[in-house]
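Every number for a ligand or one of its atoms is a count from 1 in the order of the listing.
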Amino acid sequence: MWGGRFAEGPAAVMREINASIPFDKRLWRQDIAGSQAHVAMLAKQGIVSAPDAQAIADGLAQVGAEYAADGVPEDLALEDIHMATESRLATLIGPAAGRLHTARSRNDQVATDFRLWVRDAIDSVDAGLAALQVALVKRAGEHAASVMPGFTHLQVAQPVTLGHHLMAYYEMIARDRSRFVDARARGNRSPLGSAALAGTGFPIDRFATAEALGFDGPTANSLDSVSDRDFALDYLMAATQCSLHLSRLAEEFIIWASQPFGFVSLPDAYSTGSSIMPQKRNPDAAELVRGHSGRIAGCMVSLTMTMKGLPLAYSKDMQDDKPPVFEAHDLLALSIAAMTGMVETVTFRKDRLRAAAEMGFATATDLADWLVRVADIPFREAHHITGMAVRLAERLGVALDALPLDKLREIDERIDQRVFAALGVDASVASRNSHGGTAPDQVRARVAEAKAALGIE
Ligand code: ARG
């Protein structure tokens, strides 16, 4: 492609280090779409004749059909997807193929292809995240009133409802989706026509190619256009944050599936056994989601490091932009699908969840609040009285609401029979009815809002 300037061919290792075709062949659909938009514009502007443009368009369609049927051949000598396609086009239609690259460089070409690819990736992630939200909302609706311990420091804190806990993840995923939507909107500008770095002297129409490719318009600065990878970083940063939410949910499933917790049993379909320990049922899918989040963050750091010291405009370092984005996307898509499957099919052990809430003195705050509300005791003093009650319950090995009234009255005689209504876990969660609180009514309201937002029943 640049033979005119060179007397010798590249060293074998040069070929190898230079070639991106092993990974950038994933851009083939976008590369062909970009070329089709470009050649149609060149013809409309009278830069390429109508017959040549038609031959190029037909030839590109055929190359695309071949790729779809047989895959993209990996010829390292052809370096990348752009040259592979152009070379195949030349074989098919002859010298007219050489007119396709008029007023274009691989620098604006790859930037265009990659933006299109990331845009598609965002759309598929968004669909996956919507499906995960549907799964979360459905399970939350089933368990709006199922009581479980809420934790701080992984110590039992106050009773909450399982539906409330699951809806916390709905909220995280909603923010993730909005980050991807932002990234899509910001990245949806066409660099095509920026050429190598400075623009072109040909009378091209960048607005036309932008529109043909579904962009909101052309980018405004040719130097920025060929050297900007913010759109890929935006994607990776959104993916990183999303994957850490998935990882936290995965971690909870792992803890909850352990025997001492026993809050859930993960379905066979998302577990594995052990080759030596017959009793085992391991939460491998959840562990891999947790593991993948580290790799996705690594991909984000990888491209950040690639870009951080690059002068304007294009440098070949930027060819390294694609592997981390592809890797992160594949890992994220798998993680979303696996989490969705687990959320849909996990069995929540309501009896164990309730027993854990009852055993951990989770209603101690309710006792203190009752002393304030009913017996008009200052909160600090109520806290102290409650602490003694917890100590007693611990010594007797019973839950707070199983303490005999006379024992409670030995601690403080202002306590009376009515206190027991406040000490049960159901009363506790029902009382937390502030907006966004854990009360079943609140959970049902949030679930209804979420279903409306998702367009489901
Ligand atoms: N394969 C290259 C990449 O992915 C395409 C751009 C090459 N441009 C150049 N001036 N060598 O970045």
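- Between His165 and Glu252, the side chains place a donor N or O and an acceptor N or O closer than 3.5 Å (distance only, hydrogens not considered).
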Identify every side-chain donor-acceptor pair in residues 298-306 under 3.5 Å, counting partners at least two apart or on other chains, and give the distances.
| unit_1 | atom_1 | unit_2 | atom_2 | d |
| --- | --- | --- | --- | --- |
| Thr304 | OG1 | Met300 | O | 2.7 |
| Thr306 | OG1 | Ser302 | O | 3.1 |

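- For the pair Arg446 and Tyr170, the cation-pi criterion (under 6.0 Å, within 45° of the ring axis) is not fulfilled.
- By the ring-ring contact (aromatic ring centres under 6.0 Å, His included) test, Phe253 pairs with no residue at all, sequence neighbours left out.
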Are there any protein N or O atoms under 3.5 Å from the N or O atoms of ligand 1? List them with distances, or say none.
| unit_1 | atom_1 | unit_2 | atom_2 | d |
| --- | --- | --- | --- | --- |
| ligand 1 | 1 (N) | Ser20 | OG | 3.2 |
| ligand 1 | 1 (N) | Asp80 | OD2 | 2.9 |
| ligand 1 | 1 (N) | Gln319 | OE1 | 2.7 |
| ligand 1 | 4 (O) | Lys322 | NZ | 2.7 |
| ligand 1 | 8 (N) | Asn107 | OD1 | 2.8 |
| ligand 1 | 10 (N) | Asn107 | OD1 | 3.1 |
| ligand 1 | 12 (O) | Tyr314 | OH | 2.5 |

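- Using a 4.0 Å cut-off between charged side-chain N and carboxylate O, Asp366 and Arg432 make a salt bridge.
- The side chain to side chain contact (heavy atoms under 4.5 Å, CB included) search around Lys138 returns Val134, not counting sequence neighbours.
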